[in-house]
Amino acid sequence: MKGVILAGGLGTRLYPLTKVTNKHLLPVYDRPMIYYPIQTLVEAGVDDVLLVTGGNKAGDFLQLLGNGKEHGLKRLSYTYQQGEGGIADALALAEDFADGGPIVVILGDNVIEKSIAGPVARFREQGRGARILLKEVPDPQRFGVPTLKGSQVVRIDEKPAQPASPYAVTGIYMYDATVFDIIRTLKPSQRGELEITDVNNAYIARGELTWEVLDGWWTDAGTFESLHLASNLVAAMRLTAAPH
């Protein structure tokens, strides 16, 4: 299984910090943000990774990460997203890299506490379709929100004013190779972007999307508040793990 980290975008919600650097290179406690999704994939046994980036500071990732060996990666590849076409547009750039196989996709600003080795293994057993990870949050209207009916996700709404559940769709997705066929059928949303929510809803329409609740805490780090929260959560985790 291969991994894709999406680390493009202009990070406008973190301006002026992002005036001189890519959002994903900002610190989360004691490490650059991009280290965390890499660690998440490596701990799940995914060591062949494509990093999709963009903007004016894309070269800084190469300077920071090199070939990825010191992070436990067997291979780290890079590709460049022109402009701001959305998450699904960025993912489309991974088609050649995926080479017809399944992929684990993680947004570059997602920081989590526990391992996703279990969900990745269960997706391998699933063999086709998609798998998403949900997390109960106090502010689901900031995210894609699932409507649940029994054990099924019947629909996902992007940033709904009235969320149908307390769950957010985290920025960790697992897809089979048909994801690229789905992306080719997408139309830009009102934001002018190709939305990952539309990809997930296409899998739901086929009856091929499964889900589970992510273990441990999870946050994105795309706003000042969530960046601060991520740093505090990581700091508390490090201090707990440190020998006394």
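Source: prediction; values computed, not measured.
- No side-chain donor-acceptor contact under 3.5 Å links T147 to the backbone of V154.
- Between S189 and E158, the side chains place no donor N or O within less than 3.5 Å of an acceptor N or O (distance only, hydrogens not considered).
- Side-chain contact between E212 and L133: present, with at least one pair of heavy atoms (C-beta onward) separated by less than 4.5 Å.
- When atom types are taken as modelled, the side chain of D215 and the backbone of K114 share no donor-acceptor pair closer than 3.5 angstrom.
- The CG atom of L229 sits 4.5 Å away from atom OG1 of T219, with the distance rounded to the nearest 0.5 Å.
- I34 has its side chain within reach of L65: a pair of non-hydrogen atoms, C-beta onward, lies under 4.5 Å apart.
- Within the 4.5 Å cutoff, side-chain heavy atoms of Q39 are placed close to those of R31.
- With L91 as the partner, the side chain to side chain contact (heavy atoms under 4.5 Å, CB included) test is satisfied by one option alone out of L194, V52, I182, I103: I103.
- With respect to D139 and R142, a salt bridge is recorded, a charged nitrogen being found less than 4.0 Å from a carboxylate O.
- Pairing each heavy atom of Y80 with each of G55, the nearest pair is OH-O, 2.8 Å.
- Side chain of K2 to main chain of F97: a donor-acceptor pair is present (N/O by atom type, distance under 3.5 Å, no hydrogens or angles).
- Counting heavy atoms from C-beta on, the side chains of V105 and L6 come closer than 4.5 Å.
- For the pair L134 and V169, the minimum side-chain heavy-atom distance is below 4.5 Å.
- For the pair K159 (side chain) and G144 (backbone), a donor-acceptor distance under 3.5 Å is absent.
- Side chain of Y167 to main chain of L148: no donor-acceptor pair is present (N/O by atom type, distance under 3.5 Å, no hydrogens or angles).
- The backbone N or O of D109 sits nowhere less than 3.5 Å from a side-chain atom of D220 that would complete a donor-acceptor pair.
- Proximity of I87 to V199: side-chain heavy atoms (C-beta onward) are nowhere separated by under 4.5 Å.
- Listed here is the closest heavy atom pair of A44 and V120: CB-CG2, 4.1 Å.
- Side chain of D176 to backbone of G129: a donor-acceptor contact under 3.5 angstrom is found.
- When each of L107, L51, L50, T53 is tested with I5 by the rule side chain to side chain contact (heavy atoms under 4.5 Å, CB included), just one qualifies, namely L51.
- Between the side chains of R206 and T178, a donor-acceptor pair is found at a separation under 3.5 Å.
- The main-chain N or O of A130 is found under 3.5 Å from a side-chain atom of Q126 such that the two form a donor-acceptor pair.
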Legend entry - Pair L186-E195, side-chain contact (heavy atoms from CB on, under 4.5 Å): steps then yes or no: CA-CA 8 Å; L186 298 184; E195 304 285 355; over 6 Å; no
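- Look at R75 and D48 and you find a salt bridge, because one of the NZ, NE, NH1 or NH2 atoms lies within 4.0 Å of a carboxylate O, short of that distance.
- W211 places none of its side-chain heavy atoms less than 4.5 Å from the side chain of I204.
- Within the 4.5 Å cutoff, side-chain heavy atoms of Y203 are placed close to those of V179.
- Between the side chain of K135 and the backbone N or O of G216 there is at least one donor-acceptor pair closer than 3.5 Å.
- The backbone N or O of S226 lies less than 3.5 Å from a partner atom in the side chain of T223, making a donor-acceptor pair.
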Legend entry - Verdict with supporting geometry, M237 and Y29, side-chain contact (heavy atoms from CB on, under 4.5 Å): CA-CA 11 Å; M237 188 171 70; Y29 187 50; over 6 Å; no
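- Residues passing the salt bridge (charged side-chain N to carboxylate O under 4.0 Å, His left out) test with R155, sequence neighbours excluded: D157.
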